[in-house]
Every structure is written in C-alpha cells, then in structure tokens.
There are 2 protein chains.
Amino acid sequence: MKNRLKVLRAERNWTQNDLAQALSVSRQTINAIETGKFDPSLPLAFKIAKVFQCTIEDVFSDD
Amino acid sequence: MKNRLKVLRAERNWTQNDLAQALSVSRQTINAIETGKFDPSLPLAFKIAKVFQCTIEDVFSDD
DNA sequence: TCATAATGTAAAATACACTTTACCATAGTA
DNA sequence: TACTATGGTAAAGTGTATTTTACATTATGA
C-alpha cells in the first residue's frame, strides 16, 4: 500500500505532530505510516480521509 | 464501522466461503467481519472493494 | 427423514497496529 | 554557540486482525 500522507500534509503545512493530534494518535504512528512501516487500521484510514476531506482512495492506493 | 458485505454477497449469490476464497482469506475472517467482531485491515478492505467492483466507501462506513 | 451446505462461534497461536518513552540527526533561529 | 522544531527510529508493552482446528446450529434438498 502506498499513501500520499506526506504530500497532503505538506499542502496544508502540517507537521506530523499536527496531524497526529488531529487524529488523536501518536506522532510515531503517523511517521510509521508515512515511512511505510505499516498500514493504518481501516477506522484510522477513514479518519485520515476525513481530516483531509477526501476519500480513502485519494489517500491510499494498492501499491 | 458498518459494512455491507452480507448484502453485496447476497446480490451475487456468493457464500462466505466463495468470498473467502476470492480474497484468499479464511471463511472465519469473512464471518467475523460480517458479524462485526472486527474490521478488516486496510489492504483487505481494498481487496474486498475490488472483488465487488466498488469503492471502500461503498462497502464500509463509519459508525 | 437423512445428508449436506451454509453459517455462527470458540480457543490457541501468530502477525500487525498503535502507544509510550526515549534518543539521534538535521535545519533554522536567537 | 545554544536552543527549538521537525522528522526518523528503536524497544517494550498492549490490543486487534487473521489463521487453524473444531464443533454446533440452521436451512435445504434427496
């Protein structure tokens, strides 16, 4: 799975910490997702799409 | 998270086992998702949307 | 009625998602 | 120089997703 978190974050000038707080997760979770260490759970993926006001498919893609 | 797996499956006349095999997961995984015991991983959610030829948002929803 | 298909469920094991704490590197700024 | 912000990473712990095996229940069909 690929994701566009870093770009979407940059477009909004958000730090990893900003995003983490908006999602109520730790900064390490954001970092791990961005650096491809693991994929978020489905509920977290929904939250991520919501804060970026787009669909899950806009953020994540099947490799 | 809610999901429409059971309905989508019924529309196609697929058993839980049919779907499990199409996704290369166990039948128990399909059953557990349908009965709300847990949510699929994000990669599996993508696979599910793909076999039903729709988006993740068409299959799953928050709440 | 009997046999079988489909579904629900449970326990133990493994893999993965996520947290907390903590440290290191880099870049920018006082 | 020293300080601060940002990002990368690591270890240990907790919780969840998924597998395998196995058994029970319900529906269906011969």
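Proteins get letters first, then strands, A, B, ... in listed order; numbering begins at 1 in each.
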Roughly how many Å is it from [atom1] in [X] to [atom2] in [N], rounded to a whole number?
X	N	atom1	atom2	value
Trp14(A)	dT6(D)	CH2	C1'	17 Å
Glu34(A)	dG8(D)	CD	P	7 Å
Gln16(B)	dT18(D)	CD	C1'	15 Å
Asn13(A)	dG7(D)	CG	P	10 Å
Asn17(A)	dG8(D)	CG	C1'	14 Å
Lys6(A)	dT6(D)	NZ	P	14 Å
Ile30(B)	dA17(D)	CD1	P	14 Å
Leu42(A)	dA17(D)	CG	P	9 Å

Earlier contact from the 5' end, DNA chain C, for Ala32(B) and Phe38(A): Ala32(B)
Lys6(B)/Gln16(B) under side-chain contact (heavy atoms from CB on, under 4.5 Å): CA gap, chis, key distance, verdict: CA-CA 9 Å; Lys6(B) 201 166 185 169; Gln16(B) 291 184 345; over 6 Å; no
Closest non-hydrogen atom pair, Ala45(B) against Leu42(A): CB-CD1, 3.8 Å
Contact letters for nucleotides 22-30 of chain D, in which S counts primed atoms plus P, OP1 and OP2 and B counts the base, heavy atoms under 4.0 Å: B--------
Summary of ring-ring contact (aromatic ring centres under 6.0 Å, His included) pairs that have at least one residue in residues 14-63 of chain A, sequence neighbours excluded: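 Every ring-ring contact (aromatic ring centres under 6.0 Å, His included) pair that includes a residue of residues 14-63 of chain A, provided the two are not neighbours, is Trp14(A)-Phe52(A).
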Do any N or O atoms from the side chain of [X] and from the backbone of [Y] form a donor-acceptor pair under 3.5 angstrom?
X	Y	answer
Thr29(A)	Val25(A)	no
Arg4(B)	Asp58(B)	yes
Asp62(A)	Met1(A)	no
Lys47(A)	Leu23(A)	yes

Span of DNA chain C in contact with chain B (heavy atoms, under 4.0 Å):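 Going 5' to 3' along DNA chain C, contacts run dA6(C) to dA10(C).
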Assign [X] to base, sugar-phosphate, or nothing according to its heavy-atom contacts below 4.0 angstrom with the strands shown.
X	answer
Ser26(B)	base
Thr15(A)	sugar-phosphate
Ser41(A)	sugar-phosphate

Pair Ile56(A)-Val59(A), side-chain contact (heavy atoms from CB on, under 4.5 Å): steps then yes or no: CA-CA 5 Å; Ile56(A) 291 189; Val59(A) 186; 6.0 Å; no
Verdict with supporting geometry, Leu44(B) and Ile33(B), side-chain contact (heavy atoms from CB on, under 4.5 Å): CA-CA 11 Å; Leu44(B) 182 51; Ile33(B) 294 168; 4.1 Å; yes
Upstream residue (5' side of DNA chain D) when Pro40(B) and Asn31(A) are each assigned their closest nucleotide: Asn31(A)
